[in-house]
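First up is the structure itself, then whatever we jot down about it.
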Protein chains: 2
Amino acid sequence: MGNNEVGRDPALVQSVDRAVTVLELLARNGEAGITEIAAELGVHKSSASRLVYTLQARELVEQDGERGPFRIGLGMLRFAGAVSGPIDYVRVGGPVCVDLADRLGETVNIAVLDGDVALNVSQARGGSAVAAQNWVGQRTPLHATSSGKVLLAAASAAEQDRLLGGELEACAPRTITDPSRLRRVLRRTAEDGFATCMEELEAGLHAVAVPVFGSGGDVVAAISAAGPAYRLSSARMPEIVEELRVASRDLSARMGHAVA
Amino acid sequence: MGNNEVGRDPALVQSVDRAVTVLELLARNGEAGITEIAAELGVHKSSASRLVYTLQARELVEQDGERGPFRIGLGMLRFAGAVSGPIDYVRVGGPVCVDLADRLGETVNIAVLDGDVALNVSQARGGSAVAAQNWVGQRTPLHATSSGKVLLAAASAAEQDRLLGGELEACAPRTITDPSRLRRVLRRTAEDGFATCMEELEAGLHAVAVPVFGSGGDVVAAISAAGPAYRLSSARMPEIVEELRVASRDLSARMGHAVA
DNA sequence: GGATACCGTTGCGCAATGGGCAACAACGAG
DNA sequence: CTCGTTGTTGCCCATTGCGCAACGGTATCC
């Protein structure tokens with residue numbers, strides 16, 4: 001969805017708003033050409049070309065060769081290093097995710113609670129990963145993800161009421177949208193020490209997550225493995241849960257040191 | 001230096017160019033207010049306010065409380081995760097830098113060769129660090145930094161000629177600007193297996209770096225420690241060099257695994 | 001080899017946007 | 001309580017950003 005005139009905040013600087021949308025498109029898709037960017041923004045190709053030229057001049061976008069597609073540039077590292085908060089997860093969580101993704105052959109993510117959603121802060125793709133999706137920096141719904149359920153299950157009853165107060169969006173046919181049913185699932189998650197997500201975010205996708213504990217015993221993050229339903233079968237869950245728990249303890253240990 | 005009309009590329013989209021400058025200011029200084037941003041950009045406060053409002057709406061900037069200063073926002077993580085190339089150093093190098101910074105009490109950086117400059121890809125500040133400067137994503141001159149010298153020393157003679165072909169900028173009074181003298185320094189760097197930088201980038205700043213080797217024995221990065229001249233004395237260099245070498249081997253081992 | 005289609009760039013003119021000004025609200029210091 | 005500073009916002013206008021048309025370059029097809 002580009003910068004549709006309907007619903008646009010007039011206080012925004014339109015050109016800047018568009019430039020950010022360009023960056024989001026490149027981050028989401030990995031790469032894109034001018035024509036695609038123009039279509040996404042709903043502007044003329046010449047407008048898209050100028051926006052990209054500006055971002056390229058400032059090194060936030062770079063081009064593959066002379067005529068190739070565009071993608072996020074190295075200049076972005078200047079800002080990544082400046083992000084406060086869960087940036088430590090990006091630094092420290094990376095190797096943990098890489099190790100686990102290698103062993104499981106599935107995509108591994110770390111997410112933290114950010115307001116009303118789960119924010120993905122680190123990711124490593126497994127060798128068998130077919131999708132090239134990058135979740136880092138993206139927010140996912142708490143009720144429709146395994147990480148989200150882990151984070152919800154660790155919240156107080158009052159906090160759960162607040163987080164689940166709104167209508168639960170049906171992200172996929174199998175999404176749990178009944179608050180009562182979801183609360184039962186969360187109670188079981190707290191008992192089991194892990195949460196699953198069987199085609200609840202999108203069809204064909206399974207995931208399982210476990211909590212990451214802080215020094216005070218509280219849950220500060222969730223670490224998950226995701227993959228196609230045919231590979232992440234129920235039979236395989238106990239093994240994956242155990243590997244996630246090992247990785248979670250490793251991460252806690254490293255985070256404990258990192259935030260000293 | 002804000003967006004001075006003199007020397008500005010007219011093909012750039014000015015608003016976007018300014019917005020990027022806002023982000024660079026926030027990344028460099030950690031935080032800033034509207035008045036400071038306006039001064040840096042050379043625009044009116046209302047203009048700065050609108051640019052920041054737009055970046056805030058897109059989550060690239062966030063505010064500390066209701067009236068506090070502004071800083072880089074979590075939304076930036078979406079793009080950081082999409083950066084290709086040396087992003088692995090950001091993930092894997094982080095813990096190595098943090099460990100070493102803790103032990104040395106100085107700021108530790110990892111840099112790679114990027115065109116004609118050294119690109120800083122990971123950093124951790126030591127406990128004794130007085131400056132809050134964030135180097136990640138920033139480019140520094142090869143001839144005036146310890147990391148740069150390490151990367152230069154590992155290059156072939158032909159490559160060194162190319163990299164040193166232009167005029168060597170005097171970044172500080174003690175910068176080596178004579179190419180012949182620099183080549184002698186680089187030969188000694190190759191022999192010693194480390195490079196120093198004694199107030200050559202800026203007055204009062206000392207640094208020392210060692211190479212990070214790839215699986216083929218080539219130099220793929222440099223890891224350095226930096227601090228004020230009074231703390232990074234010559235007497236202390238042998239200890240620091242040894243610690244850097246241990247960290248370098250650790251990093252090589254981790255990188256070897258990560259790029260599998 | 002020529003024709004066609006597509007992509008990305010650039011000069012130009014114009015309308016919409018971005019920006020400065022003034023006024024205001026809020027907060028902190030004295 | 002007063003004053004100074006910071007940040008916000010309505011309004012108006014000049015400048016900028018944008019669309020159009022034309023062009024060059026590349027790849028594909030016949």
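Letters A, B, ... mirror the listed sequences (proteins, then strands); counts begin at 1. Here the structure is a predicted model, which is why all the values come from computation and not from measurement. The figures that follow rest on heavy atoms only: side chains count, while hydrogens, waters and symmetry mates do not.
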Can you measure [X] atom [atom1] to [N] atom [atom2] for me and round it to whole angstrom units?
| X | N | atom1 | atom2 | answer |
| --- | --- | --- | --- | --- |
| B/Ile37 | D/dT6 | CD1 | P | 13 Å |
| A/Gln63 | C/dG8 | CD | C1' | 9 Å |
| A/Asp9 | D/dT9 | CG | C1' | 13 Å |
| B/Leu51 | D/dT16 | CG | P | 14 Å |
| A/Lys45 | C/dC6 | NZ | C1' | 8 Å |
| B/Gln56 | D/dG7 | CD | C1' | 12 Å |
| A/Tyr53 | C/dG11 | OH | C1' | 15 Å |
| B/Ile34 | C/dG20 | CD1 | P | 13 Å |

Open item on the list: Determine whether a donor-acceptor pair (one donor, one acceptor, N or O, separation below 3.5 Å) exists between the side chain of B/Ser46 and the base of C/dG19.
Closed with: no
Choose from [options] the nucleotide whose nearest atom is closest to any side-chain atom of [X].
| X | options | answer |
| --- | --- | --- |
| A/Ser47 | D/dG19, C/dT9, D/dT6 | D/dG19 |
| B/Arg18 | C/dG19, D/dG7, D/dC18 | C/dG19 |
| A/His44 | D/dA21, D/dT6, C/dG20 | D/dA21 |
| B/Gln14 | C/dG19, D/dC18, C/dT10 | C/dG19 |
| B/Val43 | D/dT6, C/dG8, C/dG20 | C/dG20 |
| B/Ser15 | D/dG17, C/dC7, D/dT8 | D/dG17 |

- [ ] Tell me yes or no: between the side chains of A/Thr21 and B/Arg58, is some donor less than 3.5 Å from an acceptor?
- [x]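 Side chains of A/Thr21 and B/Arg58: pair found under 3.5 Å.
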Task: NZ/NE/NH1/NH2 to OD/OE distance under 4.0 Å, A/Glu40 and A/Arg28 - done: yes
- [ ] Might you point out which heavy atoms bring A/Glu106 and A/Pro228 nearest each other, and give the distance in Å?
- [x]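 Taking every non-hydrogen atom into account, OE1-CD, 4.2 Å.
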- [ ] Assign each of A/Glu36 and B/Ala48 to its nearest nucleotide of DNA chain C by heavy atoms, then name whichever residue's nucleotide is nearer the 5' end.
- [x] A/Glu36
Task: side-chain contact (heavy atoms from CB on, under 4.5 Å), paired with A/Leu51, selected from A/Ile34, A/Leu41, A/Ile37 - done: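 The residue from A/Ile34, A/Leu41, A/Ile37 that satisfies side-chain contact (heavy atoms from CB on, under 4.5 Å) with A/Leu51 turns out to be A/Leu41.
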Open item on the list: Is it the case that over 12 heavy atoms from other parts of the model lie below 6.0 angstrom from the CD atom of B/Glu169?
Closed with: no
Task: DNA chain D: 5'-proximal contact among B/Thr35 and B/Arg50 (nearest heavy atom) - done: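 The residue closer to the strand's 5' end, by nearest nucleotide, is B/Thr35.
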Task: N/O (side chain, A/Ser49) to phosphate O (OP1/OP2, C/dT10) under 4.0 Å - done: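 Checking A/Ser49 against C/dT10: no side-chain N or O falls below 4.0 Å of OP1 or OP2.
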